[in-house]
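This report refers to the structure that appears directly beneath it.
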Amino acid sequence: AQSVTQPDIHITVSEGASLELRCNYSYGATPYLFWYVQSPGQGLQLLLKYFSGDTLVQGIKGFEAEFKRSQSSFNLRKPSVHWSDAAEYFCAVGAWGSGYSTLTFGKGTMLLVSP
Amino acid sequence: GAGVSQSPRYKVAKRGQDVALRCDPISGHVSLFWYQQALGQGPEFLTYFQNEAQLDKSGLPSDRFFAERPEGSVSTLKIQRTQQEDSAVYLCASSWGQGESGEQYFGPGTRLTVT
């Protein structure tokens, strides 16, 4: 069965500093990978996704992620964090069923932004 | 356009009561998913609908959980004889087609508290 590990429960970053959130996955085939962000009281918003092709994917709000098959990783990065980026971030892997895909999520990383 | 909506946003139930949670997906979305998000955890898959057909209910934790989507649009998740361990945020998501892209649009969730 597929699984996702986000090793950091909390991360604190100074505003303007760079950010990297770690994600490792386990899946028996080529994965579909996603990063979602969840602000308090809000649903999950898709930041970016990887299906195939270029291993560096760009998303919304200045985020990017790099797929590294050899390391089973899909880390999320942002060069300069803004206070509004404070939220919880979830990495997910899409697993194929019989013609449809369900998502398996990690436990999330809470990002705190200090002034 | 309108996103996925869920109602109620908050529900408090006494142990043993039945509850019904509603999801209005994005118009025209074929696929609908329910997830359960316990405190401090990532969302976990409960069930999947393709139009009105429930194709996967492998994530439903017990036979007290029941979901339906009778006309292929609005869906209801029903929990009978609620228990404290049912306390969680219940997220609904929808997607185009059969979900093969894996990209799902999430609602804000219903926070269920069982006392």
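Labels below follow one simple rule: chain letters A, B, ... track the order of the sequence lines, proteins then strands, and each chain is numbered from 1.
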*What part of L46(A) is in contact with chain B, defined as an atom under 4.5 angstrom from a non-hydrogen atom: side chain, backbone, both or neither?*
side chain
*Determine, step by step, whether L103(A) and Y35(B) satisfy the side chain to side chain contact (heavy atoms under 4.5 Å, CB included) criterion, reporting the C-alpha distance in whole Å, the side-chain angles of both residues, the deciding distance to 0.1 Å, and the verdict.*
CA-CA 9 Å; L103(A) 296 176; Y35(B) 291 85; 3.4 Å; yes
*Quick one: pull up CD in Q104(B) and OH in Y36(A) and give me the separation to the nearest 0.5 Å.*
5.5 Å
*Linking I/L/V/M/F/W/Y whenever any side-chain heavy atoms sit under 4.5 Å apart, do L19(A) and F67(A) land together?*
yes
*For the ring pair F45(B) and F105(A), is the centre-to-centre distance below 6.0 Å?*
no
*asked:* Between Y32(A) and F63(A), is there shared hydrophobic-cluster membership here, with clusters defined by ILVMFWY side-chain heavy atoms closer than 4.5 Å?
replied: yes
_Would you say M110(A) ends up clustered with I11(A) if hydrophobic residues are merged whenever their side chains have heavy atoms under 4.5 Å apart, either directly or through other cluster members?_
no
*F90(A), V37(A): one ILVMFWY side-chain cluster at the under-4.5 Å cut-off?*
yes
*Which bit of R9(B) is near chain A, if near means a heavy-atom gap under 4.5 Å: side chain, backbone, both or neither?*
side chain
_Interchain contact, E44(B) with chain A, by part (heavy-atom threshold 4.5 Å)_ = neither
_Distance (rounded to the nearest 0.5 Å) between F106(B) CZ and Q42(A) CD_ = 14.0 Å
*Part of Q6(A) lying under 4.5 Å from any heavy atom of chain B*: neither
*Do V114(B) and F65(B) share a hydrophobic cluster (ILVMFWY, side-chain heavy atoms under 4.5 Å, transitive)?*
yes
_Counting heavy-atom pairs under 4.5 Å with chain A, which one of C92(B), G42(B), G40(B) comes out on top?_
G42(B)
